[in-house]
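Read through the structure below, which is laid out as structure tokens, and then see the notes.
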Protein chains: 2
Amino acid sequence: MKIKVDRQDKAILALLQADASLSVAEVAEKVGVSKSACWRRMQKLEEAGVIRERVTLLNQDKVNLPLTVYVSVRTNQHNDRWAERFREVVEGVPEVLEVYRMSGDLDYLIKAVVTDMPGYDRLYKELIKADLFDVSSSFVMESMKQTTQLPLRYLQEKTQ
Amino acid sequence: MKIKVDRQDKAILALLQADASLSVAEVAEKVGVSKSACWRRMQKLEEAGVIRERVTLLNQDKVNLPLTVYVSVRTNQHNDRWAERFREVVEGVPEVLEVYRMSGDLDYLIKAVVTDMPGYDRLYKELIKADLFDVSSSFVMESMKQTTQLPLRYLQEKTQ
DNA sequence: TGTGAAAAGATTAGCAG
DNA sequence: CTGCTAATCTTTTCACA
């Protein structure tokens with residue numbers, strides 16, 4: 001489905017991306033539309049699937065997960081059964097937050113969070129159950145930028 | 001500050017991580033505490049900084065950013081001026097969502113979203129303004145897991 | 001669209017254990 | 001202190017101009 005929005009919709013999305021706890025009235029005021037117009041726009045954006053979900057982000061340190069690690073994985077078994085097994089393993093490990101199949105010479109990229117090095121070691125042992133060929137880990141030393149806000153400039157604008 | 005929570009707090013956090021739009025009443029009911037008890041717990045968790053923010057996640061495809069790319073960066077200039085310049089560049093590019101300084105042989109890992117290959121090329125040109133030594137990009141072919149929900153099992157539990 | 005009213009929810013205060 | 005109940009205030013939702 002082709003999505004087209006106008007300037008107001010973009011402004012609404014930008015605000016909601018930054019803060020999901022804004023009330024409809026606050027958003028409406030900032031964007032310069034009436035409360036109910038704003039509410040209807042938000043409904044439409046949700047129905048259209050532009051808005052995926054509203055989530056609460058927790059502080060990694062405060063939940064005792066200060067270490068973030070990226071694990072590059074290569075396999076020599078390029079078959080469906082292996083892929084299915086791999087999917088099951090990563091799905092079952094809650095420390096694994098993201099898993100991507102990648103282009104280029106590494107096959108998969110995993111982002112995970114752990115408490116400390118022993119925690120990483122446990123994670124590692126858990127992961128290699130999936131029968132991985134080559135694993136290389138890199139730890140996050142410092143987070144210089146981290147946002148969930150997508151740029152909206154590439155979203156086609158409705159010309160009125 | 002040391003954070004200690006009990007079973008109820010964990011349950012609240014788990015629910016809010018999954019869905020920030022739940023009402024206090026809904027959370028209270030699921031957790032099995034009263035509405036206002038639940039509200040006060042939520043306040044405390046926010047004050048304690050366990051809850052960082054509530055955000056709205058948009059659908060990447062619907063905002064015309066279907067391509068995700070990880071850019072590994074190495075530099076030969078390990079000085080503060082270069083680091084500051086690098087920080088400014090990535091901060092100023094909205095397609096760049098995450099930037100980490102890493103352990104190991106790569107220096108920085110960048111996660112970015114773009115519309116298509118020409119979009120990636122524009123991003124690349126933007127990034128190399130920071131005077132990078134070695135850049136290697138890998139594209140996300142398939143997202144197999146993607147969550148913002150942190151596991152809560154490592155959060156110290158208050159023994160009552 | 002926007003207005004406004006009814007329903008649902010959030011927040012505060014007072015009280016009990 | 002923590003939690004419950006009730007009163008009040010805010011926000012959401014929806015009919016209608």
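What you see is a predicted model, and the numbers here were worked out from it, not measured in a lab. Naming: A, B, ... by sequence-line order, numbering from 1 per chain.
As rounded to whole Å, 15 Å separates atom P of D:dC14 from atom NZ of A:Lys44. Following rounding to the nearest Å, A:Gln43 (CD) and D:dA15 (P) show an atom-to-atom distance of 13 Å.
Electrostatic pairing of A:Arg40 and A:Glu47 does not count as a salt bridge here, judged by no charged N lying under 4.0 Å from a carboxylate O. Look at B:Asp131 and B:Arg81 and you find no salt bridge, because none of the NZ, NE, NH1 or NH2 atoms lies under 4.0 Å from a carboxylate O. Ion pairing of A:Arg54 with A:Glu46 is present here, as a side-chain N (NZ or NE/NH1/NH2) and a carboxylate O approach within less than 4.0 Å.
In the region residues 23-42 of chain B, proximity to DNA chain D at under 4.0 angstrom, judged on heavy atoms, holds for B:Ser34, B:Ser36, B:Ala37, B:Arg40, B:Arg41. Residues of residues 13-20 of chain B that place a heavy atom closer than 4.0 Å to DNA chain D do not occur.
Every residue meeting the side chain to side chain contact (heavy atoms under 4.5 Å, CB included) condition with A:Lys145, not counting sequence neighbours, appears here in chain and number order: A:Thr147, B:Glu91, B:Val96, B:Val99. Residues passing the side chain to side chain donor-acceptor pair (under 3.5 Å) test with B:Arg85, sequence neighbours excluded: none. Under the side chain to side chain contact (heavy atoms under 4.5 Å, CB included) criterion, A:Ala11 pairs with A:Val31, sequence neighbours left out.
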Run the side-chain donor-acceptor check on residues 112-120 of chain A: report pairs under 3.5 Å with partners two or more places apart or on a different chain.
unit_1: A:Thr115; atom_1: OG1; unit_2: A:Asn64; atom_2: O; d: 2.9
unit_1: A:Asp116; atom_1: OD1; unit_2: A:Gly119; atom_2: N; d: 2.9
unit_1: A:Tyr120; atom_1: OH; unit_2: A:Ser137; atom_2: OG; d: 2.5

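Between A:Tyr108 and the choices A:Trp82, A:Tyr100, A:Phe133, the ring-ring contact (aromatic ring centres under 6.0 Å, His included) rule is met once, by A:Trp82.
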